[in-house]
Amino acid sequence: MSILVIAEHDNSSLKQATLNVVAAAKAIGGDIDVLVAGENCGAVAEAAAKAEGVNKVLVADNAAYGHFLGENLGELVAEVGKGYSHILAAAGTVGKDFMPRVAALLDVAQVSDIMRVESEDTFVRPIYAGNAIATVKSSDSIKVVTVRPTAFDPVAGEGGSAAVEQLDVVKDAGLSQFVNEELAKSDRPDLASAGIVVSGGRGMQNGDNFKMLEQVADLMGAAVGASRAAVDAGFVPNDMQVGQTGKIVAPQLYIAVGISGAIQHLAGMSDSKVIVAINKDEEAPIFQVADYGLVADLFEAVPQLEEELKKVL
Amino acid sequence: MKVLVAVKRVIDYNVKVRVKPDNTGVDLANVKMAMNPFCEIAVEEAVRLKEKGVASEIVVVSIGPKAAQEQIRTALALGADRGIHVETDEEVQSLEAAKLLKAVVEKEEPKLVILGKQSIDSDNNQTGQMLAALTGMGQGTFASEVVVEGDKVNVTREVDGGLMTVSLNLPAVVTTDLRLNEPRYASLPNIMKAKKKPLDNMSPADLGVDIAPRLSTLKVEAPAARQAGVKVADVAELVDKLKNEAKVI
Ligand SMILES: Cc1cc2nc3c(=O)[nH]c(=O)nc-3n(C[C@H](O)[C@H](O)[C@H](O)COP(=O)(O)OP(=O)(O)OC[C@H]3O[C@@H](n4cnc5c(N)ncnc54)[C@H](O)[C@@H]3O)c2cc1C
C-alpha cells in the first residue's frame, strides 16, 4: 500500500493537522508520501520531510496553488494521487473543499472525517452530528479520505529525513480566482489544536464581554472559541465557531461559558478530556456532558475565575 | 439566469437521534423529517437572487423517496418555480447524487447551482464539490455571501482562518454555510400556490445513472457516553478540582 497525504499549510509553515493525518496514514500502514502544494512553500516541504514516518515529500510549487483553490488542487491531487492506494487530507476547510473533487475526478467515493482506522478499507466516522458513529467499508480501488485531526495523536514533527522531490505538474483549471481574504489575527494558540479552549455563547451578551474570556484564556495559554449563536449575533468572527459545522476541538480542558449545549455544539467539543460548564440555568443540557458544572451568573463567575487562576498559576 | 437548487429530505434537526438496537443504522420510523437546514438556506438565496432580478427561474431538485416531494413543495412555496423529483427508495451516496445532479444540470443548463454544504444526516460535505468537478464548474463552498456580477459570481467563503473571497466563472456551484442568510417561512397562500406548480418525476435509470453505493455501512453505534460529572459550589472549588483532581491546569 502507498498513501499520499496532502499537507495543510499556509505556504510558510506546516500545520500540525498534517502530523495528525500522517498518524492516520500510519494506522493504515504502507509507504507514506506527503504532497505539499502551494506557492513559495519550500519551508513547508522541509518541515514535512522531518515528520516521522514520511518516505518522500513531493512539492508542487506554483502560483496556481498559492491560495489552495479547490479546482486547481483537485486536478493536481487527482493526477498525482492516481498511483496511490489512499489519498488523505485533514478535514479542515481546505481539505473539505478540494478532496471531493479529487474523489469525483477519480470516480471513487470519499470517506469524510474519519475518527479511527479499522483496516486498510474500513474506517469509523461520526454521522448525525456525532450522535451516531458509523463503521464504513470502501470498495473503491483508491480510498479518498479526510481525517479528523483531533482523533489521531500527531506523529513527531522532528527526526525524519525524507527525500524532497519537485513536481512540475501545473494544473490551473481557469475556473476560479482568488479575490481577497480576511484572516483573523491572534496571538493565542490555534483553536483546533489548543490544549485548553475557553468558549462563550449567547450568554456573553456582546462582543466586548468576550474580553473577560480572553483574559482568562491568556492566563492559561488557551484559545477562545464560541457557539454558533455568539457568531451569528456578531459577537465574534466565524472562525471561532465550535461545532458540527464549525471547528472540531478536543482539548485537555474545554470551558463553556453561557453556552446551552445544543447537540450541534456538543458535536464539536464532546471529545474534550475535561469539560467545564458555567451557566446560570441548572437545567442546561451542557451540564449533562460537563465533568465540572458551576451554576452561576457568568458575569460574577468569570472575573472570580480570573482571580482564582492568578493565585494558582 | 436560471438557478438550480438541490434539496435533501433529512431528519429534523431538533429530533434526538437514536441508533437502532441491531446497529444497522439510525431509527427513522415515525421521526419528523424536514428539509436539510443548509438546503433551506440554498433555496432562500435563490429566491433572493430572483427578487433582485438576477435569477429568472428557480428549479428545485430533490433525490429520494416519494416523500421527498414534501421538501420540493416546501421549496416551491418559498419561491422556486418548478420541481424535479429523482425518485428512488435506494440509498444514494454523495458521488451518485452528484452524478444524478450532473444529468439534471445537462438537461437544465443552469447558470448557478446552489446546494447546502452538508446534510445533517451523513455529514459528508461532498456533493456540491463532486458535482462541480464532474461538470467542470468552479465552486464557492461554505458561502457566506454570493454576488453575481455579469458572467462571474463572487463568493465569500467561511474558512478556518476567517473569510476568503473567490471569483468564479459562470456557470458555477455554490454551497451554503449557515450565515449566508436567514430563511423565511412559507406563507399559507404560497403553500397553496405551490401545490399547482409543475413537478417532474423521474428515476435514476431515466437519467442513465448507476446509483449502486461504493461504501457499505458495517455498523452504526451510539457514541460512547460521557460519565456524568459533578456540580461545584463555587469558583474556588472549580479551580481546586481542575488543578488537583483533573490536573489540567
Ligand atoms: C444545521 C445546524 C448547524 C449548527 N451548527 C452549530 C455549530 O457548529 N456550533 C454551534 O455552537 N451551534 C450550531 N448550531 C446551533 C445550535 O443548535 C444552537 O442554536 C447554538 O449552539 C446555541 O448557542 P448558545 O448555547 O450560545 O445559545 P443558547 O442556546 O441561547 O444558550 C445560551 C446559554 O447561556 C446561558 N446564559 C445566559 N446568560 C447567562 C449568564 N449571565 N450567566 C450564565 N449563563 C448564562 C443560558 O442559560 C443558556 O443556557 C447549529 C444549528 C443548526 C440547525
Side-chain angles (χ1 to χ4, degrees), chain A residues 69-71 74 92-93 96-97 100-101 103-105 108-112 122 126-140 175-184 220 228 232 237-239 245 252-253 270 274 276 289-295 301 304-305 308-309 312-313, chain B residues 11 17 19 26 93-95 98 118 120-126 129-130 132-134 137-139 141-142 144 154 158-169 177-179 214-223 226 228-232 234-236 238-239 241-243 246 248-249:
Chain A
L69 295 173
E71 297 82 0
T93 49
K96 285 177 182 171
D97 188 46
R101 281 192 90 100
L105 292 173
V108 300
Q110 172 177 311
V111 185
S112 293
T122 303
I127 54 176
Y128 293 91
N131 286 299
I133 307 293
T135 303
V136 295
K137 183 180 162 99
S138 163
S139 59
D140 284 314
L175 297 169
S176 54
Q177 272 172 318
F178 170 80
V179 178
N180 60 42
E181 59 194 352
E182 286 168 46
L183 298 186
M220 298 187 288
R228 173 188 171 188
D232 282 4
N238 65 286
D239 54 276
T245 51
Q252 293 293 102
L253 173 59
S270 58
V274 174
V276 170
V289 299
D291 300 280
Y292 301 110
L294 177 62
V295 181
Q304 285 171 11
L305 180 60
E308 288 294 325
L309 285 171
V312 299
L313 293 176
Chain B
I11 193 166
V17 170
V19 170
V26 159
Q93 296 180 347
S94 305
L95 180 64
Q118 75 194 67
I120 60 164
D121 48 2
S122 56
D123 278 337
N124 274 323
N125 198 329
Q126 300 174 357
Q129 298 88 314
M130 287 179 162
L134 294 176
M137 289 195 239
Q139 64 189 36
T141 50
F142 330 141
S144 67
N154 274 14
E158 295 205 2
V159 295
D160 288 340
L163 296 170
M164 170 184 186
T165 304
V166 291
S167 165
L168 310 170
N169 301 346
D177 215 319
L178 293 170
R179 278 167 286 275
R214 312 288 187 86
L215 303 175
S216 50
T217 299
L218 303 184
K219 64 178 175 210
V220 174
E221 295 161 299
R226 284 189 78 94
V230 296
K231 290 255 168 63
V232 292
D234 53 31
V235 171
L238 174 64
V239 171
K241 288 244 178 349
L242 290 178
K243 189 161 173 67
V248 285
I249 56 170

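Chain identifiers are assigned alphabetically (A, B, ...) following the order of the sequence lines, protein sequences preceding nucleic acid strands; residue numbering begins at 1 within each chain. Quick caveat, the model's predicted, so the values are computed rather than measured. Any value given below was found using the heavy atoms of this structure, including those in side chains, with hydrogens, waters and symmetry copies removed.
Here the CD1 atom belonging to B:Ile11 is positioned 5.5 Å from the OH atom belonging to A:Tyr128, to the nearest 0.5 angstrom. With values rounded to the nearest 0.5 angstrom, A:Asp239 atom CG is found 7.5 Å from B:Leu163 atom CG. Interatomic distance, OG1 of B:Thr165 versus CD of A:Gln177, reported as 13.0 Å (0.5 Å rounding). Rounding to the nearest 0.5 Å places CG of B:Leu95 at 8.0 Å from CG of A:Asp140. Interatomic distance, CG of B:Leu238 versus CG of A:Leu294, reported as 6.0 Å (0.5 Å rounding). Remark: A:Asn180 CG to B:Ser167 OG distance equals 11.0 Å, nearest 0.5 Å.
The nearest pair of heavy atoms linking B:Leu242 to A:Leu253 is CD2-CD1, 3.8 Å. Listed here is the closest heavy atom pair of A:Ala132 and B:Val19: CB-CG2, 3.7 Å. Among all heavy-atom pairs drawn from B:Ala246 and A:Val274, the shortest one is CB-CG2, 4.0 Å. Across all non-hydrogen atoms, the minimal contact from A:Leu183 to B:Gly162 is CD2-N, 4.1 Å.
Of the residues considered (B:Ser216, B:Ser144, B:Ala222), B:Ser216 shows the highest number of contacts with chain A, using heavy-atom pairs under 4.5 Å. Ranking A:Lys137, A:Glu308, A:Glu181, A:Lys96 against chain B, the residue ahead of the rest is A:Lys137, based on heavy-atom pairs under 4.5 Å. Counting heavy-atom pairs under 4.5 Å between each of B:Gln126, B:Lys243, B:Met137, B:Met130 and chain A puts B:Gln126 at the top. Looking only at heavy-atom pairs under 4.5 Å with chain A, the residue among B:Ser122, B:Gly161, B:Gly229 that has the most is B:Gly161. Put simply, of A:Thr245, A:Leu105, A:Leu305, the one with the most heavy-atom pairs under 4.5 Å next to chain B is A:Thr245. No other option in B:Gln93, B:Gln118, B:Glu221 has as many heavy-atom pairs under 4.5 Å with chain A as B:Glu221. Chain A forms more heavy-atom pairs under 4.5 Å with one residue of B:Ala132, B:Ala133, B:Ser94 than with any other, namely B:Ala133. Each of A:Asn131, A:Ile133, A:Ile127 has some count of heavy-atom pairs under 4.5 Å with chain B, and the biggest count is that of A:Ile133.
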Step by step, work out the side-chain contact (heavy atoms from CB on, under 4.5 Å) result for A:Glu71 and B:Leu168.
CA-CA 10 Å; A:Glu71 297 82 0; B:Leu168 310 170; 3.8 Å; yes
Walk me through whether B:Thr217 and A:Val136 qualify under side-chain contact (heavy atoms from CB on, under 4.5 Å).
CA-CA 4 Å; B:Thr217 299; A:Val136 295; 3.9 Å; yes
Go through B:Lys231 and A:Tyr292 one step at a time and tell me if the side-chain contact (heavy atoms from CB on, under 4.5 Å) criterion holds.
CA-CA 6 Å; B:Lys231 290 255 168 63; A:Tyr292 301 110; over 6 Å; no
Give the intermediate values and the outcome of side-chain contact (heavy atoms from CB on, under 4.5 Å) for residues A:Arg228 and B:Arg179.
CA-CA 10 Å; A:Arg228 173 188 171 188; B:Arg179 278 167 286 275; 4.0 Å; yes
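The local environment of CD in A:Glu182 is sparse, with at most 12 non-hydrogen atoms from other residues, nucleotides or ligands closer than 6.0 Å.
Between the side chain of A:Asn238 and the main chain of B:Glu158, no donor-acceptor pair closer than 3.5 Å is present. Side-chain N or O atoms of A:Ser139 include one that pairs as donor or acceptor with a backbone N or O of B:Arg214 at under 3.5 Å. A donor-acceptor distance shorter than 3.5 angstrom exists from the side chain of B:Asp160 to the backbone of A:Thr93, with no hydrogens or angles considered. When atom types are taken as modelled, the side chain of A:Ser112 and the backbone of B:Asn124 share a donor-acceptor pair closer than 3.5 angstrom. The backbone N or O of B:Leu215 sits nowhere less than 3.5 Å from a side-chain atom of A:Ser138 that would complete a donor-acceptor pair.
Both the backbone and the side chain of A:Ala184 come within contact range of chain B, with heavy atoms under 4.5 Å apart. With a 4.5 Å cut-off on non-hydrogen atoms, B:Ala98 does not touch chain A at all. Heavy atoms closer than 4.5 Å to chain A are found in both the backbone and the side chain of B:Val230. At a 4.5 Å heavy-atom cutoff, the contact between B:Val159 and chain A is made by backbone and side-chain atoms alike. Only the side chain of A:Val276 comes within less than 4.5 Å of a heavy atom of chain B; its backbone N, CA, C and O stay farther away. Only the side chain of A:Leu313 comes within less than 4.5 Å of a heavy atom of chain B; its backbone N, CA, C and O stay farther away. Both the backbone and the side chain of B:Val232 come within contact range of chain A, with heavy atoms under 4.5 Å apart.
Using a 3.5 Å distance cut-off with no hydrogens or angles, the side chains of A:Asp97 and B:Gln139 do pair a donor with an acceptor.
No salt bridge links A:Asp291 with B:Lys241; every basic N to acidic carboxylate O contact stays at or beyond 4.0 Å.
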